[in-house]
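Right, one structure below, let's go through it.
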2 protein chains.
Amino acid sequence: MSPKFVDRERKTKEIAQAALILFSQKGYAATSVGQIAKTAGIGKGTIYEYFKTKADIFIAALREWTDRFEKRLRKHLEDIENPIQKLHAIAEMNIELVDPLDSATAQLSLEFLQQSLLENGILFKRRYLLKQMHAGQCRMVADILLDGISKGLFRPEIARDAEKIAINLLAYFDGVRLHSITSENYFDLKEQAYFYLNNLIRSIQTSGSQLQTSN
Amino acid sequence: MSPKFVDRERKTKEIAQAALILFSQKGYAATSVGQIAKTAGIGKGTIYEYFKTKADIFIAALREWTDRFEKRLRKHLEDIENPIQKLHAIAEMNIELVDPLDSATAQLSLEFLQQSLLENGILFKRRYLLKQMHAGQCRMVADILLDGISKGLFRPEIARDAEKIAINLLAYFDGVRLHSITSENYFDLKEQAYFYLNNLIRSIQTSGSQLQTSN
DNA sequence: ATTATGACCGACTGATCGGTCATAATAAAA
DNA sequence: TTTTATTATGACCGATCAGTCGGTCATAAT
């Protein structure tokens, strides 16, 4: 049945995907390599043909996750021209991320943070991963802002603060997402997101513009 | 009828405090009961004279932590009359919390979140603790807003949205605090906080504008 | 048919952990 | 001093885990 040569890259990815599910459900510490193997439908020993340590599995799973996230974000934005609508789209994606079906994302990002911050965490020596991810998203938002300026929607004075505003926005969405999950959606995340976003847009847009309504 | 006198309550607290340090440094899973005992300067068995399980130690440590937090917040606010200044004080306390000396708080709150969200987490069945804490802070902020309305500083129409706005503010500060820690303070937290806060205040205070969110 | 090799596996190992328990220490009471 | 109830302890236990290893299997090359 088994071919002599296997697509190792593909299989590595499969294992990482299986691990991703477990890590997001149970966290890193409570997920055993045996369970990962079982979920992936292979023997435990085989795991170690593809990964040196459990920590390596975690890192691969994380990369899998961030890749999907990036891809999704880009897809969400690619067809939109208007910078304000782009900001709305980002808000919407953050809202989607709280979907129970997707709550894995939140738990993963908690694990990600924790492993980066704890002195004995898997990622303590690799915090650049965290920064990389933030920096990527930050630049994306900053570019939207700059685009908005060049299109006359946002005030030119904010150009040098674009990055700061981007950080502000991303930080807000991270926070509200966490609150939404921990509160089990007792508040209206959409309403919250738009309250923030509209306050923000109002403070950066050129006088005379009107609010956009969005789905 | 009292052969040996020990202040059990005090000792329980001592153990919880020792545990608090370790949990915030290494996380729950990586902290062993033996280490807690050692840190507290007692034998491992003694721990179990005061706590039934490791999870109970964690919960006690958490309570210790939230108590301090509450006390600190109240002290920060008690001498301030002006609601806008009170909001500023809350911002300032959030800034203080990122102090490296205090980064334990961030890690503790991550662990708190995670143990509440993971299905096998210690607090999964006790998520009301998380909600309690949020609700307490939320009410505190909402009260400031209502006070501001009664003092003619904020628009009366926001009264019924006070809680929502409070959530918005707390979510923002949680988010920006996390970002600040993970980014190792590469951005100016104070600037960020005030950018948010000023946008918010501008949108709720009486002078001038109307404008409620579309959507 | 024989051999070589990549892929796969699960029993095993050494170590750690949470929690228990028999015993010792302590200090008030008799 | 002796008694007695309480408090303290660390050796100990069963469970679990990450990682290893000897060996099997299926295919490809000869």
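Chain letters run A, B, ... following the sequence lines, proteins first, then strands; residues in each count from 1. These numbers were taken from a predicted model, which means no experiment stands behind them.
For D:dA26, the paired nucleotide is C:dT5, the pair qualifying as Watson-Crick or G-U wobble because both relevant distances are below 3.5 Å. C:dT26 is paired with D:dA5 under the Watson-Crick or G-U wobble criterion, all donor-acceptor distances under 3.5 Å. The pairing partner recorded for C:dC17 is D:dG14, the criterion being a Watson-Crick or G-U wobble arrangement whose two distances lie under 3.5 angstrom.
Looking only at distances, no side-chain donor or acceptor of B:Asp174 sits under 3.5 Å from a matching main-chain atom of A:Gly175.
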(request) Take A:Glu191 and B:Lys164 through the salt bridge (Lys or Arg N to Asp or Glu O under 4.0 Å) test and state the conclusion after the steps. (result) CA-CA 9 Å; A:Glu191 192 180 26; B:Lys164 289 175 185 170; 3.1 Å; yes
(request) Could you please spell out the steps behind the salt bridge (Lys or Arg N to Asp or Glu O under 4.0 Å) verdict for A:Lys11 and A:Glu49? (result) CA-CA 10 Å; A:Lys11 193 141 199 172; A:Glu49 300 282 338; over 6 Å; no
(message) One pair to check against salt bridge (Lys or Arg N to Asp or Glu O under 4.0 Å): A:Arg74 and A:Glu70. What are the steps and the verdict?
(response) CA-CA 6 Å; A:Arg74 289 192 190 285; A:Glu70 279 261 335; 3.3 Å; yes
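The CD atom of B:Gln17 lies 8.0 Å from the CD1 atom of B:Ile21; values are rounded to the nearest 0.5 Å. Here A:Leu197 contributes atom CG and A:Arg202 contributes atom CZ; the two are 10.5 Å apart, rounded to the nearest 0.5 Å. In this structure, A:Tyr28 OH and A:Lys54 NZ are separated by 4.5 Å, a value rounded to the nearest 0.5 Å.
B:Lys38 comes within 4.0 angstrom of nothing in the nucleic acid, heavy atoms only.
Between A:Arg10 atom CZ and C:dG6 atom P the separation is 22 Å, expressed in whole Å. The distance between atom NZ of B:Lys11 and atom P of D:dT7, rounded to the nearest whole Å, is 10 Å. The separation between B:Ile36 atom CD1 and C:dG19 atom C1' is 13 Å, rounded to whole Å. Atom CD1 of A:Ile15 is separated from atom C1' of C:dC8 by 11 Å (rounded to the nearest Å). Between the C1' atom of C:dT16 and the NZ atom of B:Lys26 lies a distance of 12 Å, rounded to the nearest Å. Atom CZ in A:Phe58 sits roughly 18 Å away from atom P in D:dC17 (whole-Å rounding). Rounding to whole angstrom units, CG of residue B:Leu22 and P of C:dC17 are separated by 12 Å.
The shortest distance between the side-chain N/O atoms of B:Arg8 and the OP1/OP2 oxygens of D:dT6 is not below 4.0 Å.
Listed by residue number, the members of residues 44-56 of chain A with any heavy atom below 4.0 angstrom from DNA chain D are A:Lys44, A:Tyr48, A:Thr53, A:Lys54.
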